[in-house]
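Let me begin by presenting the structure, written as structure tokens, before commenting on it.
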Amino acid sequence: MKKIAILLSCLMLLSSGANAQDKEALKAQKEAMKEAKNAFKKARNTYEMSIPNAQYGRKETDFERLATALPFLEQAIQSEYTRDDHDTWKIAASIELEYFKKLENETKADPDNEALRQSFIASCQKLATYAVKYDSLLALDTKIKPEEYKKEHTQYQLYAVNGTIQILQAAQNASNSDDQAELAKGAKYAEQYLAIMTKSNLMKDFENKDLPSWITYAKAFRAQSYLNLKDAPESKIVEAYTDLMSTTYKGIAYQSLANYYSQKGDKAKQNEYLKQGIEALKGDAEQASSRATFVVILMQNCFQMEDIDGFRKAAEIMKTEYPDNENAVNAYLMEGQLAFEGKDFLKAKDIFMQASEKYPSEPKCLLMAARSAWMHAQNNGSKKDDMEAAINLFKQLEAANPEDPELWGESLYILYNNTQQSALAAPYKKYYNASK
């Protein structure tokens with residue numbers, strides 16, 4: 001029994017100690033709550049006593065007095081007892097609106113003052129953030145009437161838009177910079193703009209004919225900033241440009257990612273984005289030039305990587321859809337080269353002849369057709385008819401390019417000699433390198 005009594009005594013002591021601690025914690029909690037609410041009241045009262053008021057003879061905002069509200073406002077924003085109260089954020093937005101208007105006027109008066117400009121952007125960020133936070137909490141208030149909420153909602157949308165327009169402009173300026181710190185800001189500004197305009201409750205029903213364009217610009221500025229930011233994670237770059245693929249800048253998105261992986265030496269990923277870009281831009285007349293460029297690069301990459309199937313698919317697109325492109329001739333030349341290297345010289349000759357007929361101003365087409373015919377003749381026992389066929393092609397090359405004997409001179413000398421036509425070979429001897 002003694003043991004039980006002692007144990008009960010200990011429990012009673014522990015219980016009384018816990019009660020004392022609870023009381024102290026509750027007291028501290030009440031004090032903290034009281035302090036936070038008092039800070040909010042001081043911030044609100046100071047704001048109301050600082051803004052223009054005809055009754056008190058104030059025609060302009062008293063910024064010296066208003067500045068004294070800022071520490072109290074910060075305390076209210078940080079405290080767990082007031083940070084979830086929509087009134088806290090309404091006062092925060094109201095105070096920041098005064099600074100926004102002041103800095104906007106000052107910036108217009110002194111547009112080259114970069115320090116002033118940065119202060120203005122910081123104010124824009126705060127105003128938009130506070131407006132979003134106020135609206136998100138006000139929407140949860142079951143006591144507010146729908147018409148009252150709508151009025152506040154619409155008003156604070158305008159505050160946010162005024163701030164975000166400047167943030168978007170700052171994102172554009174920073175994304176075009178070569179300075180790494182500015183590029184980091186560009187990404188941050190664009191991210192903030194997109195978060196507010198596409199994810200916040202405040203802006204979900206905002207309507208403006210220019211809004212889709214603004215959002216697209218923000219995505220472009222974000223992507224450009226991340227791409228040129230040296231320490232930007234690869235995932236951020238890919239995510240930003242992937243998000244741009246659903247916009248009018250989709251061609252730039254695929255091109256940028258293809259170039260990014262090309263610089264990293266990853267041709268497999270480069271080719272993947274080229275293929276995606278070719279498919280995505282199919283039928284897009286405005287971006288036909290970009291698509292053709294993708295086809296050319298993919299064609300060359302596949303050829304170099306000996307991806308014959310990939311090359312042929314790209315070459316077919318080039319030949320059928322972009323026959324007038326300055327690089328289209330390369331589709332034929334590379335296709336002919338594959339046949340030439342595979343020792344299918346007749347097929348090579350046919351491909352090169354097709355190219356020569358389509359692109360008569362490109363002498364390499366006829367040159368390779370002539371060489372293919374010559375190689376076929378050699379592999380086929382140097383029959384007279386085959387040798388004459390090669391000679392005829394080189395003669396066509398001479399007629400088309402008389403000023404460039406390097407293309408046909410030596411070859412005709414050798415071919416005529418090999419076919420026992422010494423008299424015909426004689427005029428070409430001067431072009432035979434072995435005789436020099």
Side-chain angles (χ1 to χ4, degrees), residues 11-58 60-103 119 122-160 163 192 195-196 199-202:
L11 288 173
M12 290 177 64
L13 288 171
L14 288 171
S15 177
S16 62
N19 287 335
Q21 290 177 357
D22 287 345
K23 288 180 180 179
E24 286 298 318
L26 185 60
K27 181 180 178 182
Q29 187 180 53
K30 288 182 177 180
E31 285 297 322
M33 184 183 299
K34 181 180 179 181
E35 186 176 349
K37 289 186 175 181
N38 283 337
F40 165 72
K41 290 178 182 178
K42 289 178 181 178
R44 182 189 61 193
N45 293 340
T46 304
Y47 161 73
E48 292 174 349
M49 294 300 294
S50 301
I51 59 175
N53 189 317
Q55 182 179 350
Y56 294 97
R58 288 197 304 275
E60 297 180 352
T61 299
D62 184 346
F63 284 99
E64 186 174 349
R65 172 178 283 181
L66 187 60
T68 64
L70 298 181
F72 298 118
L73 175 64
E74 188 63 26
Q75 187 178 348
I77 287 174
Q78 296 293 331
S79 175
E80 61 182 302
Y81 303 109
T82 46
R83 67 188 178 200
D84 293 328
D85 187 335
H86 57 69
D87 284 337
T88 299
W89 297 96
K90 180 173 185 175
I91 289 300
S94 298
I95 291 175
E96 196 56 51
L97 180 62
E98 297 302 312
Y99 284 101
F100 170 87
K101 291 185 290 187
K102 175 177 180 290
L103 288 165
S119 295
S123 178
C124 293
Q125 291 177 295
K126 288 181 180 179
L127 178 61
T129 300
Y130 295 163
V132 167
K133 185 68 175 178
Y134 169 58
D135 179 78
S136 68
L137 292 171
L138 189 64
L140 301 176
D141 189 343
T142 57
K143 297 179 181 179
I144 190 170
K145 295 178 181 179
E147 60 272 19
E148 292 178 358
Y149 170 73
K150 180 63 177 176
K151 181 180 178 181
E152 289 290 283
H153 180 74
T154 303
Q155 181 61 61
Y156 280 78
Q157 276 185 339
L158 295 177
Y159 292 163
Q192 184 176 24
I196 292 171
K199 297 178 181 179
S200 70
N201 181 74
L202 178 62

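Below, each value reflects all heavy atoms present in this structure, side chains not excepted, and no hydrogens, waters or symmetry copies.
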Notebook entry, point to check: Strictly by modelled atom types, are Gln192 and Thr129 linked by a side-chain donor-acceptor pair under 3.5 Å?
Noted result: yes
Checklist line | Atom pair CZ (Phe100) and OG (Ser123), whose distance is rounded to the nearest 0.5 Å | finding: 7.0 Å
Notebook entry, point to check: Just by modelled atom types, is the Ile91 backbone N or O under 3.5 Å from a matching donor or acceptor in the Arg44 side chain?
Noted result: no
Next item on the list: Quick one: list whatever passes salt bridge (Lys or Arg N to Asp or Glu O under 4.0 Å) with Lys150, sequence neighbours left out.
Entry: Asp205
Check: Just by distance, do the side chain of Thr46 and the backbone of Ala43 share a donor-acceptor pair under 3.5 Å?
Finding: no
Next item on the list: Report the distance from atom OG of Ser200 to atom CD of Gln157, rounding to the nearest 0.5 Å.
Entry: 8.5 Å
Margin query: Let me confirm one number: the NZ-CD1 distance from Lys126 to Ile77, rounded to the nearest 0.5 Å.
Written below: 8.5 Å
Checklist line | Which atom of Thr82 lies closest to which atom of Thr88, heavy atoms considered | finding: O-OG1, 2.7 Å
Item checked: Side chain proximity check, His153 to Leu138, heavy atoms < 4.5 angstrom -> no
Next item on the list: Please name all residues satisfying side chain to side chain donor-acceptor pair (under 3.5 Å) with Tyr134, sequence neighbours left out, ordered by chain then number.
Entry: Glu152
Check: Roughly how far apart are Thr68 OG1 and Arg65 CZ, rounded to 0.5 Å?
Finding: 7.5 Å
Notebook entry, point to check: Quick one: NZ on Lys30 to NZ on Lys27, what's the gap to the nearest 0.5 Å?
Noted result: 10.5 Å
Note to self: Given Asp135, which partner from the list Tyr159, Trp89, Tyr149 fulfils the side-chain hydrogen bond (donor to acceptor under 3.5 Å, both in side chains) test?
What the structure shows: Tyr149
Note to self: I'd like to know whether NZ of Lys102 has more than 12 heavy-atom contacts from other residues, nucleotides or ligands below 6.0 angstrom.
What the structure shows: yes
Notebook entry, point to check: Would you say Lys42 and Gln75 make side-chain contact, with heavy atoms under 4.5 Å?
Noted result: no
Notebook entry, point to check: Taking atom CD of Glu147 as the centre, does the number of heavy atoms from other residues, nucleotides or ligands within less than 6.0 Å exceed 12?
Noted result: yes
Check: Which heavy atom in Ala69 sits nearest to a heavy atom in Ile95, and how many Å separate them?
Finding: CB-CD1, 4.3 Å
Notebook entry, point to check: At what distance, to the nearest 0.5 angstrom, does CG of Leu103 lie from CD of Glu96?
Noted result: 8.0 Å
Item checked: Exercise: identify the closest heavy-atom pair between Tyr156 and Ser94 -> OH-OG, 3.8 Å
Checklist line | Flag, side chain of Arg58 to backbone of Met49, donor-acceptor distance under 3.5 Å | finding: yes
Margin query: I need the minimum non-hydrogen distance between Ser136 and Leu140, along with the two atoms involved.
Written below: O-CG, 3.4 Å
Item checked: Nearest heavy-atom neighbours spanning Ala160 and Leu202 -> CB-CD2, 3.6 Å
Next item on the list: Please tell me if the side chains of Leu97 and Tyr130 come closer than 4.5 Å, counting only heavy atoms from C-beta onward.
Entry: no
Item checked: Basic-acidic side-chain contact under 4.0 Å: Glu80, Arg83 -> no
Notebook entry, point to check: Would Lys37 count as a cation-pi partner of Tyr81, with NZ or CZ less than 6.0 Å from the six-membered ring centre and within 45° of the ring normal?
Noted result: no
Note to self: Pair Glu35, Glu31 - check side chain to side chain contact (heavy atoms under 4.5 Å, CB included), show working.
What the structure shows: CA-CA 6 Å; Glu35 186 176 349; Glu31 285 297 322; over 6 Å; no
Next item on the list: Considering non-hydrogen atoms only, spot the tightest contact between Leu66 and Glu98 and give its length.
Entry: CD2-CB, 3.9 Å
